[in-house]
Colleague: 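Okay, here's the structure, questions in a sec.
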Amino acid sequence: MQHPDAGPADEAPRARRPAGSALALIDDWLGPLAGRLILDVGCGRGALAKALTARGTHVVGIDPATDAIEAARVAVPEARFEAGGAEALPYPAASFDAVLLLNSFHHVPHHLMAAALAEAMRVGRGSMLIIEPLAEGPFFEAMRPVEDETAIRHAAQAAIAGFVTQGRATIARDYVFDDVRHFSGVDAFLDKIVAVDPARAAAAGRLRGEVAALMARWGTTEEGGVRLDQPHRAVLLEGVPVAP
């Protein structure tokens, strides 16, 4: 993993890691999923919840964006969704078999990250799985003009490390992989990153040419489009028993 203080070297983002997918990793690390009750923190519009319910999982999703919650309720009527922040989860202790944070932890305000980790650990009675994009790789480099998440992504990794160093959890598994992403062109790429955060729309339109040049520089040209890998780190945390 690139050191948090290191700048983006020209060739570093081209390095290939093992290809993988978040859903395959969730199946492997938390499975079998059927019948389990899982909390999806930062659930967005319900994409992960939809995939999990298809596997027979009972899903509760929470997200601070009320419009995303409304969309999730329509997309996944089998799951339950509530609006709220990760730093103050409205659930009793040990309510869930596992807690998931997929591509969401770095969206928690920096000063609330420690509280969010503590809350996720509190409401789970099993594992907490955090899967986060790293501040490197072709996808990241192409996105940077629209929104540079270098600082907040490093802050997310530092918060996880601090949580473990303080003895509040142990790392059961730790894995870095490339999430392989394909786009037909710059407009498809910009549509993707704006869908994640509509506040990016103005910058995306203004910087389209710069983004297109970066996609050509960092991406891999394929038939029908371009491949932009995004390195992710998956960390499976287990709670530390509290002495009586």
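Every value quoted in this text rests on a predicted model; they were computed, and no experiment measured them.
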Colleague: For the backbone of Phe139 and the side chain of Arg181, can you confirm whether one donor and one acceptor N or O come within less than 3.5 Å of each other?
Modeller: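 Flag not set: sc Arg181 to bb Phe139 has no pair under 3.5 Å.
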Colleague: To the nearest 0.5 Å, what is the distance between CG (Leu134) and CZ (Arg233)?
Modeller: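 The CZ atom of Arg233 is 8.0 Å from CG of Leu134, to the nearest 0.5 Å.
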Colleague: Hey, what else clusters with Val74 if you join Ile, Leu, Val, Met, Phe, Trp, Tyr whenever side-chain heavy atoms sit under 4.5 Å?
Modeller: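 Its cluster mates, by chain and number: none.
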Colleague: Could you work out, with side-chain hydrogen bond (donor to acceptor under 3.5 Å, both in side chains) as the rule, every residue matching Asp187, not counting sequence neighbours?
Modeller: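 Only Arg208 meet the side-chain hydrogen bond (donor to acceptor under 3.5 Å, both in side chains) criterion with Asp187.
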Colleague: Would you say the side-chain atoms of Glu132 pair up with the backbone N or O of Gln157, donor to acceptor, closer than 3.5 Å?
Modeller: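 The answer is no, because no donor-acceptor pair under 3.5 Å joins these two groups.
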Colleague: Give me the atom names and distance for the closest heavy-atom approach of Pro231 to Gly137.
Modeller: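 The pair with the smallest heavy-atom distance is CD-CA, 3.6 Å.
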Colleague: For residues 86-95, tabulate all N or O donor-acceptor pairs below 3.5 Å that involve a side-chain atom, not counting sequence neighbours.
Modeller:
residue, atom, partner, partner atom, Å
Tyr91, OH, Glu82, OE2, 3.1
Ser95, OG, Pro92, O, 2.5

Colleague: Check salt bridge (Lys or Arg N to Asp or Glu O under 4.0 Å) between Asp148 and all other residues, then give those that pass, not counting sequence neighbours.
Modeller: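 Partners of Asp148 by the salt bridge (Lys or Arg N to Asp or Glu O under 4.0 Å) criterion, ordered by chain and then number, come out as Arg144.
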Colleague: About how many Å separate OG of Ser21 and CG of Asp178, when rounded to the nearest 0.5 Å?
Modeller: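 Separation between the atoms: 12.5 Å.
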Colleague: Going by ring-ring contact (aromatic ring centres under 6.0 Å, His included), name the residues that satisfy it together with Phe163, two or more places apart in sequence or in a different chain.
Modeller: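 Per chain and number, Phe163 pairs via ring-ring contact (aromatic ring centres under 6.0 Å, His included) with no residue.
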Colleague: Kindly compute the distance separating CG (Leu228) from CE (Met215), expressed to the nearest 0.5 Å.
Modeller: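 It comes to 5.0 Å.
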Colleague: Is there a side-chain contact between Ile130 and Leu117 in this structure, where contact means two heavy atoms from C-beta onward sitting under 4.5 Å apart?
Modeller: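 Heavy-atom side-chain distance check passes, below 4.5 Å.
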Colleague: Could you tell me whether the side chains of His58 and Asp97 share a donor-acceptor contact shorter than 3.5 Å?
Modeller: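 The answer is no; no qualifying pair exists.
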Colleague: Do Leu39 and Leu101 sit in the same hydrophobic cluster, where Ile, Leu, Val, Met, Phe, Trp and Tyr count as joined when their side-chain heavy atoms come under 4.5 Å apart?
Modeller: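 Yes: a chain of side-chain contacts under 4.5 Å links Leu39 to Leu101.
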Colleague: Give, for atom CD1 of Ile193 and atom CZ of Arg200, the distance between the pair rounded to the nearest 0.5 Å.
Modeller: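 Separation between the atoms: 6.0 Å.
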Colleague: Other members of the hydrophobic cluster containing Tyr175, with the 4.5 Å side-chain heavy-atom rule, please.
Modeller: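 Noted: Tyr175 shares its cluster with Leu23, Leu25, Ile26, Trp29, Leu30, Leu33, Ile38, Leu48, Leu52, Val59, Leu100, Leu102, Leu129, Ile131, Phe177, Leu236.
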Colleague: Just verifying a value: how many Å separate Leu237 CG and Ile160 CD1, rounded to the nearest 0.5 Å?
Modeller: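 Nearest 0.5 Å value for the CG-CD1 distance: 7.0 Å.
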Colleague: With sequence neighbours left out, write down each residue that passes side-chain contact (heavy atoms from CB on, under 4.5 Å) with Val180, or none if nothing qualifies.
Modeller: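 For Val180 the side-chain contact (heavy atoms from CB on, under 4.5 Å) partners, ignoring immediate neighbours, are Ala19, His182, Arg227, Asp229.
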Colleague: Indicate if Val99 and Met121 have the same hydrophobic cluster label, given that clusters are the connected sets of ILVMFWY residues with side-chain heavy-atom separations under 4.5 angstrom.
Modeller: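 Yes, Val99 and Met121 fall within the same hydrophobic cluster.
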Colleague: Taking side-chain hydrogen bond (donor to acceptor under 3.5 Å, both in side chains) as the definition, give me every residue that meets it alongside Glu70, ordered by chain and number, with sequence neighbours left out.
Modeller: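 Partners of Glu70 by the side-chain hydrogen bond (donor to acceptor under 3.5 Å, both in side chains) criterion, ordered by chain and then number, come out as Arg73.
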Colleague: Mind checking side-chain contact (heavy atoms from CB on, under 4.5 Å) for Arg153 and listing every partner two or more places apart, or none if nothing turns up?
Modeller: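 By the side-chain contact (heavy atoms from CB on, under 4.5 Å) rule, Arg153 matches His106, Pro133, Ala135, Phe140, Met143, Glu149, Gln230.
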Colleague: Any non-hydrogen side-chain atom of Met113 less than 4.5 Å from a side-chain atom of Ile152?
Modeller: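 In contact.
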Colleague: Quick one: CG on Leu112 to CD on Glu119, what's the gap to the nearest 0.5 Å?
Modeller: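 Separation between the atoms: 11.0 Å.
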Colleague: So, Asp63 side chain and Ile69 main chain: donor-acceptor pair closer than 3.5 Å or not?
Modeller: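 No; zero donor-acceptor contacts below 3.5 Å.
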Colleague: On a heavy-atom basis, which atom in Thr66 and which in Ala83 lie closest, and how many Å separate them?
Modeller: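 Closest pair (atom of Thr66, atom of Ala83, distance): CG2-CB, 4.0 Å.
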Colleague: Closest approach of Phe105 and Ala116, non-hydrogen atoms and distance?
Modeller: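 Heavy atoms of Phe105 and Ala116 come nearest at CE1-CB, 4.2 Å.
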Colleague: Are the side chains of Val226 and Phe189 in touch, meaning some heavy atoms are under 4.5 Å apart?
Modeller: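 No, every pair of side-chain atoms sits at 4.5 Å or beyond.
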Colleague: Give the minimum heavy-atom separation between Leu214 and Pro145, together with the two atoms involved.
Modeller: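 Scanning both residues, the minimum pair turns out to be CD1-CG, 3.3 Å.
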Colleague: Do you know the tightest heavy-atom contact between Ala72 and Gly44?
Modeller: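 In this case the closest contact between Ala72 and Gly44 is CB-O, 3.8 Å.
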Colleague: Holding to side-chain hydrogen bond (donor to acceptor under 3.5 Å, both in side chains), I want the full list of residues that pass it with His110, two or more places apart in sequence or in another chain.
Modeller: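 side-chain hydrogen bond (donor to acceptor under 3.5 Å, both in side chains) check on His110 returns nothing, list empty.
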Colleague: Please give me the minimum heavy-atom distance between Ala75 and Arg45, naming the atom from each residue.
Modeller: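 Shortest heavy-atom contact: CB-O, 4.1 Å.
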Colleague: In chain order, what residues pass the side-chain contact (heavy atoms from CB on, under 4.5 Å) check against Pro77, with sequence neighbours excluded?
Modeller: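 side-chain contact (heavy atoms from CB on, under 4.5 Å) check on Pro77 returns nothing, list empty.
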Colleague: State which residue, out of Thr170, Val240, Ile171, fulfils the side chain to side chain contact (heavy atoms under 4.5 Å, CB included) condition with Val164.
Modeller: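 Output: one option passes, namely Ile171.
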Colleague: Mind checking side-chain hydrogen bond (donor to acceptor under 3.5 Å, both in side chains) for Arg55 and listing every partner two or more places apart, or none if nothing turns up?
Modeller: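 Applying side-chain hydrogen bond (donor to acceptor under 3.5 Å, both in side chains) to Arg55 gives Asp27.
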